[in-house]
A.B. asks: 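This is the structure I want to talk about, given as structure tokens.
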Amino acid sequence: MTDKNDQIEDNDIPDSPFIDPTIHRKKSIMDESLVLTPDGIPMPSLVEVSESGTCNRSCSFCPRSGPDYPDIKEFIDPALVDKLAGQIGELGFKGLFMFSGFVEPMVDKNIFNLVKIARDHLPNARIEMVTNGDVLDKDRLLRLFDSGLSTLLISVYDGPESAQELEELCRSSGLNDGQFILRRRYLSVDENFGINLSNRAGTMDNAEHNIPSLHEPLDHPCYYPHYTFFMDYLGDVLVCPHDWGKNFIVGNLKDQDFIDVWTAPELIQARERLAAGNRGMSPCNVCDVKGTLMGLGHAEKWSENA
């Protein structure tokens, strides 16, 4: 690993209009929820489930805006969520369990049941969801929180009027400030659309807002695999949530247990290489994500566990 003092400096989140302000909140949750298994293995602080193959939008800064990106109207088997939540719950997970990823979770009619399954297994975790808000109404909002949701992050794409309408909907439904967050994604390209823009590990080459793949790997650490466990609707576990092309699948929860995937030799090797700033493997070699905005504590624990 690189010098600790350099890592700490890298890990600080800069005050910049191009950094999503919700990153500060997420970093705090990641830092506070770092726990070890009974065997001393660092647990993820973020478990993310991309529970379908579809979305009802194709934003210009998303790989889905490319003509070759697949839209597959298939949804996760609830047994997969039950297995994942149950196994991490038994190992003491208390971090952030999020329904998000490459999809719009609210197009899944079974989403309320999935939230309840996660909550039943994870009483001490934060259960959150990212949605574009298109299908939200009072009934759906209340059902989400009755099912066990902690916080709803709403990405607003259609302008300030839409943001105001969604805020009024949340407040009229009785939600408090800790239960919803509006993320303004309608800002101009000069403001990075209000998000942390990246080339999504090389899958933005054909997107409407093109961000090319790198020709040479960054010489910079990345901590995503140290603190994040990302599973899609097929049970495939990816090296990180930026791997929209599914170029680095580390396992599948249909056939494996969580701990076996989380400690798979290829994933441990990836962590070691990335912590040392070696991005020579696909898709990390074409990815432009900085990767050190959070997760330093997890990387240090993995280093101690080696």
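When a residue number appears, it is its place in the shown sequence, counting from 1. Source: prediction; values computed, not measured.
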A.B. asks: With sequence neighbours left out, what residues match C59 under side-chain contact (heavy atoms from CB on, under 4.5 Å)?
C.D. replies: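 side-chain contact (heavy atoms from CB on, under 4.5 Å) list for C59, sorted by chain: R57, F61, C62, Y157.
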A.B. asks: Should L214 and N199 count as side-chain neighbours, where that means a heavy-atom distance under 4.5 Å?
C.D. replies: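 Yes; the side chains approach each other to less than 4.5 Å.
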A.B. asks: Got a second to check how far L114's CG is from K116's NZ, nearest 0.5 Å?
C.D. replies: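 L114 CG to K116 NZ: 12.0 Å, rounded to 0.5 Å.
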A.B. asks: Is any side-chain heavy atom of F99 closer than 4.5 Å to a side-chain heavy atom of V130?
C.D. replies: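 Contact flag for F99/V130 side chains = no.
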A.B. asks: Please report the closest heavy-atom contact between R183 and S155, naming both atoms and the distance.
C.D. replies: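 Residues R183 and S155, closest heavy atoms: NH2-OG, 3.0 Å.
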A.B. asks: Is a side-chain donor or acceptor of D243 paired with a backbone partner of F248 at a separation under 3.5 angstrom?
C.D. replies: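 Yes, the answer is positive, given that a donor and an acceptor are paired below the 3.5 Å cut-off.
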A.B. asks: Provide the closest heavy-atom pair for W262 versus P225 in the form atom of the first, atom of the second, distance.
C.D. replies: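 Reported closest heavy-atom pair: CH2-O, 3.5 Å.
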A.B. asks: As an exercise, state the distance from CG of D232 to CG of D236, rounded to the nearest 0.5 Å.
C.D. replies: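 Between atom CG of D232 and atom CG of D236 there are 4.5 Å.
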A.B. asks: Test the R64-Y69 pair against the cation-pi criterion, namely NZ or CZ under 6.0 angstrom from the six-membered ring centroid and within 45° of the ring axis.
C.D. replies: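 Relative to the ring axis of Y69, which defines the angle, R64 lies outside at least one limit.
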A.B. asks: Rounded at 0.5 Å granularity, tell me how far CE in M98 sits from OG in S50.
C.D. replies: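 So the gap between those two atoms works out to 12.0 Å.
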A.B. asks: How are the rings of H298 and Y227 set relative to one another: parallel (under 30°), tilted (30 to 60°) or perpendicular (over 60°)?
C.D. replies: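 Aromatic pair H298/Y227 classed tilted.
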A.B. asks: Check the side chains of R126 and T151 for a donor-acceptor pair under 3.5 angstrom, ignoring hydrogens and angles.
C.D. replies: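 There is such a pair between these side chains.
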A.B. asks: State whether the side chain of T54 and the backbone N or O of K73 hold a donor-acceptor pair below 3.5 Å, judged by distance alone.
C.D. replies: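 The answer is no, because no donor-acceptor pair under 3.5 Å joins these two groups.
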A.B. asks: Can you name the nearest heavy-atom pair linking M43 to L34, along with the distance?
C.D. replies: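 Distance-wise, the nearest heavy atoms are O-CD1, 4.3 Å.
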A.B. asks: In the structure I gave you, are the side-chain heavy atoms of T131 and L153 within less than 4.5 Å of one another anywhere?
C.D. replies: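 T131 vs L153: side chains apart.
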A.B. asks: Are any non-hydrogen side-chain atoms of I181 and I154 less than 4.5 angstrom apart?
C.D. replies: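 I181 does not reach I154 side chain to side chain.
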A.B. asks: Could you tell me whether the side chain of R140 and the main chain of V135 form a donor-acceptor pair under 3.5 Å?
C.D. replies: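 Yes.
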A.B. asks: Given F102 and F230, is the ring pair (Phe, Tyr, Trp, His ring centres under 6.0 Å) satisfied, shown in steps?
C.D. replies: CA-CA 11 Å; F102 312 152; F230 184 97; 4.9 Å; yes
A.B. asks: Supply the atom-to-atom distance S33 OG to F97 CZ, rounded to the nearest 0.5 angstrom.
C.D. replies: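 One finds 14.0 Å between OG of S33 and CZ of F97.
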A.B. asks: Between Y224 and C240, what is the shortest heavy-atom contact and its length?
C.D. replies: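 Heavy atoms of Y224 and C240 come nearest at CB-CB, 3.8 Å.
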A.B. asks: How about N210 and M204: do any of their side-chain heavy atoms sit closer than 4.5 Å?
C.D. replies: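 No. Closest side-chain heavy atoms not under 4.5 Å.
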A.B. asks: How long is the gap from CG on N285 to CD on E216, to the nearest 0.5 Å?
C.D. replies: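 Separation between the atoms: 9.5 Å.
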A.B. asks: In the structure I gave you, are the side-chain heavy atoms of S52 and I76 within less than 4.5 Å of one another anywhere?
C.D. replies: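 Side-chain contact under 4.5 Å: no.
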A.B. asks: What donor-acceptor contacts under 3.5 angstrom involve side-chain atoms of residues 77-92, with partners at least two apart or in another chain?
C.D. replies:
from	atom 1	to	atom 2	distance (Å)
D77	OD1	A79	N	2.9
D82	OD1	H121	NE2	2.8
K83	NZ	L253	O	2.7
K83	NZ	Q256	O	2.9
Q87	OE1	F258	N	2.7
Q87	NE2	D257	OD1	2.9

A.B. asks: Report yes if some heavy atom in the side chain of M106 is under 4.5 Å from a heavy atom in the side chain of D108; otherwise report no.
C.D. replies: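 Side chain of M106 against side chain of D108, heavy atoms only: no contact under 4.5 Å found.
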A.B. asks: Could you list the residues that satisfy side chain to side chain donor-acceptor pair (under 3.5 Å) with E167, not counting sequence neighbours?
C.D. replies: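 Once residues adjacent in sequence are excluded, the partners of E167 under the side chain to side chain donor-acceptor pair (under 3.5 Å) criterion are R171.
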A.B. asks: Would you indicate whether the side-chain heavy atoms of T228 and Y223 approach each other to under 4.5 Å?
C.D. replies: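 No, too far: nothing below the 4.5 Å cut-off.
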A.B. asks: Distance from E51 atom CD to I111 atom CD1, nearest 0.5 Å?
C.D. replies: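 That separation rounds to 4.5 Å.
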A.B. asks: State yes or no: do L96 and V103 share one hydrophobic cluster built from I, L, V, M, F, W and Y residues joined by side-chain heavy-atom distances below 4.5 Å, directly or via other members?
C.D. replies: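 No: no chain of side-chain contacts under 4.5 Å links L96 to V103.
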A.B. asks: Can you see which heavy atom on T203 is nearest to which on G245, and at what distance?
C.D. replies: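 Heavy atoms only, the tightest pair is CG2-N, 3.4 Å.
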A.B. asks: Work out which heavy atom in E48 is nearest to a heavy atom in G101; give both atom names and the distance.
C.D. replies: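 E48 and G101 have their closest heavy atoms at OE2-N, 2.9 Å.
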A.B. asks: When you measure from the side chain of S58 to the backbone N and O of G66, does any donor-acceptor pair fall under 3.5 Å?
C.D. replies: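 No.
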